[in-house]
Amino acid sequence: MTVLGIDPGLERIGYGLIDRTGSRLMAMDFGLIKTPKGETSARLALIFTQISELVRQTKPDLAVCERLFFTKNQTTGIDVAKALGVIQLVLETHGVVCREMTPTEIKLAVVGHGGADKRQVQYMVTKLLRLDAAPKPDDVADAIAAAIAGALAIRL
């Protein structure tokens, strides 16, 4: 099973693609999609194009997006929600099942503790996928963690 994890954002979107064969997890691809400052509609269009191309190239069986949680900066949260909506539209259009998982669910699946900090998540992502170094920046590590959590917790 190939799982695409996505850490949504308007300015930066982390993504991570992993393969699960039996109990073995393997990193296939990961990175960051950036949008330049400017009109939100133009940034959303770029997200649409970039995620569409990513999905076309990688053909994931499942996608897992981190569920949004925001309390302080609601304006930023609304823009991130718009970006997540575009991402979900692309996935649905390409026939990719998309699940949302909370940060706590992702941390629980990857680290074994829902209150884990970012360093603990990065450490476990590195160990589980046998990577030479922790993925950077945090958006990428979070996306890979979402993919791992999806691969371990969600059955098609």
Side-chain angles (χ1 to χ4, degrees), residues 1-35 40-71 73-114 116 118 121-122 124-125 128-129 131 135-156:
M1 170 173 41
T2 304
V3 182
L4 175 63
I6 297 178
D7 183 33
L10 182 63
E11 183 177 339
R12 299 170 6 149
I13 299 167
Y15 68 89
L17 188 74
I18 66 163
D19 179 69
R20 178 181 176 186
T21 304
S23 62
R24 182 171 167 79
L25 301 173
M26 184 177 75
M28 297 174 68
D29 187 23
F30 52 86
L32 193 65
I33 295 170
K34 295 180 182 181
T35 65
T40 301
S41 58
R43 296 172 95 177
L44 294 173
L46 181 59
I47 290 168
F48 181 88
T49 301
Q50 294 290 322
I51 296 292
S52 293
E53 186 59 28
L54 178 65
V55 170
R56 267 194 292 278
Q57 288 179 1
T58 62
K59 298 177 178 44
D61 299 307
L62 171 70
V64 177
C65 292
E66 186 173 302
R67 178 168 286 155
L68 300 182
F69 176 77
F70 56 92
T71 57
N73 192 340
Q74 293 184 358
T75 301
T76 301
I78 290 169
D79 286 343
V80 174
K82 291 174 186 177
L84 178 58
V86 168
I87 292 164
Q88 289 174 326
L89 172 65
V90 169
L91 294 167
E92 181 67 26
T93 301
H94 285 87
V96 179
V97 174
C98 181
R99 301 283 186 250
E100 286 185 82
M101 295 181 78
T102 67
T104 301
E105 291 170 324
I106 293 169
K107 292 174 186 177
L108 185 60
V110 174
V111 180
H113 174 39
K118 292 219 178 265
V121 172
Q122 290 173 346
M124 286 306 297
V125 163
L128 288 169
L129 298 177
L131 301 173
K136 299 281 183 189
D138 290 348
D139 310 272
V140 174
D142 290 348
I144 297 171
I148 292 170
L152 297 175
I154 297 174
R155 305 287 182 248
L156 290 176

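Side chains included, hydrogens not; waters and symmetry mates left out as well; all remaining heavy atoms used.
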Taking side chain as C-beta onward, heavy atoms only, is [X] less than 4.5 Å from [Y]?
X: L44; Y: L10; answer: yes
X: I144; Y: V110; answer: no
X: P60; Y: V3; answer: no
X: I51; Y: V86; answer: no
X: K136; Y: Q122; answer: yes

Whether R43 side chain and A45 backbone form a donor-acceptor pair below 3.5 Å:
no

Looking only at heavy atoms, what is the nearest atom pair of [X] and [Y], with distance?
X: A116; Y: V111; value: CB-CG1, 3.8 Å
X: M1; Y: A151; value: CE-O, 4.0 Å
X: F30; Y: P135; value: CE1-CB, 4.2 Å
X: E100; Y: E105; value: O-OE1, 4.4 Å
X: V96; Y: A63; value: CG1-N, 3.8 Å
X: P103; Y: E66; value: CG-OE2, 3.6 Å

Rounded to the nearest 0.5 Å, what's the gap from [atom1] on [X] to [atom2] on [Y]? Could you check?
X: L17; Y: T2; atom1: CG; atom2: OG1; answer: 6.0 Å
X: L68; Y: L84; atom1: CG; atom2: CG; answer: 5.0 Å
X: E11; Y: I47; atom1: CD; atom2: CD1; answer: 10.5 Å
X: T40; Y: I78; atom1: OG1; atom2: CD1; answer: 11.0 Å
X: D139; Y: L32; atom1: CG; atom2: CG; answer: 5.5 Å
X: T58; Y: D19; atom1: OG1; atom2: CG; answer: 12.0 Å

Looking only at side chains, do E92 and Q88 share a donor and an acceptor under 3.5 Å apart?
no

Looking at D142 and K118, is there a salt bridge between them, counting it only when a charged N and a carboxylate O are closer than 4.0 Å?
yes

Evaluate the criterion side chain to side chain contact (heavy atoms under 4.5 Å, CB included) for residue pair K82 and D79; output intermediate values, then yes/no.
CA-CA 5 Å; K82 291 174 186 177; D79 286 343; 3.7 Å; yes

L62 and side-chain contact (heavy atoms from CB on, under 4.5 Å): which single residue from L4, V97, L91 fits?
V97

V121 vs D138, side chain to side chain contact (heavy atoms under 4.5 Å, CB included): CA-CA, chis, key distance, verdict:
CA-CA 10 Å; V121 172; D138 290 348; over 6 Å; no

